[in-house]
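Following: one structure in structure tokens, then a few remarks.
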Amino acid sequence: MGDENVNHSIQDLISKKFKKKRAGFSFERLVPILLFITALISVLTTIGIVLTLIFETITFFTRVSIVEFLTAKKWFPFSETHGSYGILPLVTGTLKVTGIAILVAVPIGIASAIYLSEYATEKTKKIIKPILEVLAGIPTIVYGYFALTFVTPILRNVMPGLEIFNALSPGIVIGIMIIPMIASLSEDAMSSVPNSIREGALGLGSTKFEVAFKVVLPSALSGIIASIVLAVSRAIGETMIVTVAGGSTPTLTWDVTRSIQTMTAYIVQVSQGDVGYGTTVYYSIYAVGMTLFLFTLIMNFIAQFVSRRFREEY
Amino acid sequence: MSETQTQKSVKGNNDTKLVYKTNGLNLWYGENHALKDIQLNVVENEVTAIIGPSGCGKSTYIKTLNRMIELIPGVKVTGEIVYRGRNILDKSYPVEELRTKVGMVFQKPNPFPKSIYENVVYGPRIHGIRDKKILDQIVEKSLRGAAIWDEVKDRLNTNAYGLSGGQQQRLCIARCMAIEPDVILMDEPTSALDPISTLKVEELLQELKKNFSIIIVTHNMQQAARISDKTAFFLNGEVIEFSETDKIFSNPSDKRTEDYITGRFG
């Protein structure tokens, strides 16, 4: 008896609520519209930025030929009369720094990932992973001064020929900066390899090392490569460290001991100086920005291709 | 060196047909006493089935036989398991060597995310066999042995995950056979398979026992009755009864065994 009463009143309450809903305006219908607008904001911003880049770059190429931009061996933009606009020295600067960063970050990053995923106890992992993530949160300007005032002097003790501003020191420091990214993402990829596969390998008499290097590492390869590609585009786009410690001398050489200028550092230099609006130098930063954008865009495509092509199914 | 030692002790032993001799084996997961004073002998070229309800310790026991149990933190083991004359629970027994002699097939098929060919040659390769010709022979022999050769011979280089569950399990058996172990441990190898794949694996077992000694944990009593020579009935971490399969199923000596096989519990 009592139960029936309760059931009745609850159903009544529910139907009251339904009636209210039908009468009032539909919140459920409004939600997707609101969410769509927020998503649209970022899409429109991206389109806007790309369009600005494209238009200003076109203006630049009406003044400087695209052939000169791609082939000239000197980047000397500040003279209105005999300026030279060859992007190659800036690209070389960026690639040198990125290459050094990769040489530092990939072995250390992957080795730490293997340690964390295959060897570390839960307890150690709980301590080390947050520390790695703090490393990723340090502002890049701090890394820049770390490169200039700490790493460079040490390197100059070892290599007396090293200039105060050089490619080596910021390269190493960018490498240190992207280690957490590679370590953390690769560790995620390796940890998601199911334990049953490790057991299968151990059951065949594998040592722990063989399990890590011959089974887990190849199984997680797509995730590891994706993490490296992501780290590379981070290194290419890195600005503060190279601005502070790399110098401002664009030179077309693979010598890492000399002062350089990267694409990003050049843009900083121009944006901060008193370059007049509408001058060729002003437009040149858009052309350099466009080049930089193409570089990171290609890296993004590679990352997507790799993770699709080598996706492992367990 | 350890191999000659093992052989010597086998020769020195009158009971040459014994593969495993378990004496007073006790095992704890932390405070939980999971195996209690187990006595069990496994004879060469026989299929020994281990049956019992969930949580009775049958999987725990089979994982102790190749020391995979060590992967679980907080496990404590006492007693001895003598394999071919040597106590494998002795910490000085090289565990990698044990696992090349005692292969294991798991509950769920667990091929590596590599090609069928790479799956089979993984074991031989890590143990130093690099000759392509020998590896090719191993692949064919193992896949034939696991009765899957005809189904996969044209796609050895495709990913093992394209195979059906039953095929994957037979591939795992082939992977295990590739290093020619002495014993094959099987931990409910058909529990994740459909009836037809199960039948294939069961038929395969009858072939395998000519060359290997097989210890199989199974949840399925009919399966144990069909395929095994000896059956051990586990309950709450103890061996209640262990004898010829025919005897266990037709004339069990313990009331609890009878209750279990007639379906009164479990």
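These figures come from a predicted structure and were not determined experimentally. Letters A, B, ... mirror the listed sequences (proteins, then strands); counts begin at 1.
- By the neighbour-count criterion of 12 heavy atoms within 6.0 Å, atom NZ of K141(B) is sparsely surrounded, having that number or fewer from other residues, nucleotides or ligands.
- Between K214(A) and K114(B), the shortest heavy-atom distance links the atoms O-NZ, 2.8 Å.
- The environment of NZ in K108(B) is sparse: at most 12 heavy-atom neighbours from other residues, nucleotides or ligands sit within 6.0 Å.
- Counting heavy-atom pairs under 4.5 Å between each of T100(B), I126(B), V102(B) and chain A puts I126(B) at the top.
- For a residue to count as touching a neighbouring chain, one of its non-hydrogen atoms must lie under 4.5 Å from one of that chain's; by this rule I179(B) touches chain A with the side chain only.
- Atom CZ of F301(A) is surrounded by 12 or fewer heavy atoms from other residues, nucleotides or ligands within 6.0 Å.
- Heavy-atom minimum distance, S196(A) versus N110(B): O-ND2, 2.7 Å.
- Between chain A and the residues M104(B), R125(B), Q107(B), E96(B), the most heavy-atom pairs under 4.5 angstrom are made by E96(B).
- Contacts of R175(B) with chain A are made by both backbone and side-chain atoms, with heavy-atom separations under 4.5 Å.
- The part of P111(B) that comes within reach of chain A is its backbone (N, CA, C, O), which places non-hydrogen atoms under 4.5 angstrom from that chain.
- Of the two parts of V95(B), neither the backbone nor the side chain holds a non-hydrogen atom closer than 4.5 Å to a non-hydrogen atom of chain A.
- For M68(B) against E199(A), the heavy-atom pair with the smallest separation is CE-O, 3.3 Å.
- Scanning both residues, Y122(B) and L204(A), for their nearest heavy atoms gives CD2-CD1, 3.7 Å.
- Interatomic distance, T207(A) OG1 to R99(B) CZ, rounded to the nearest 0.5 Å: 10.5 Å.
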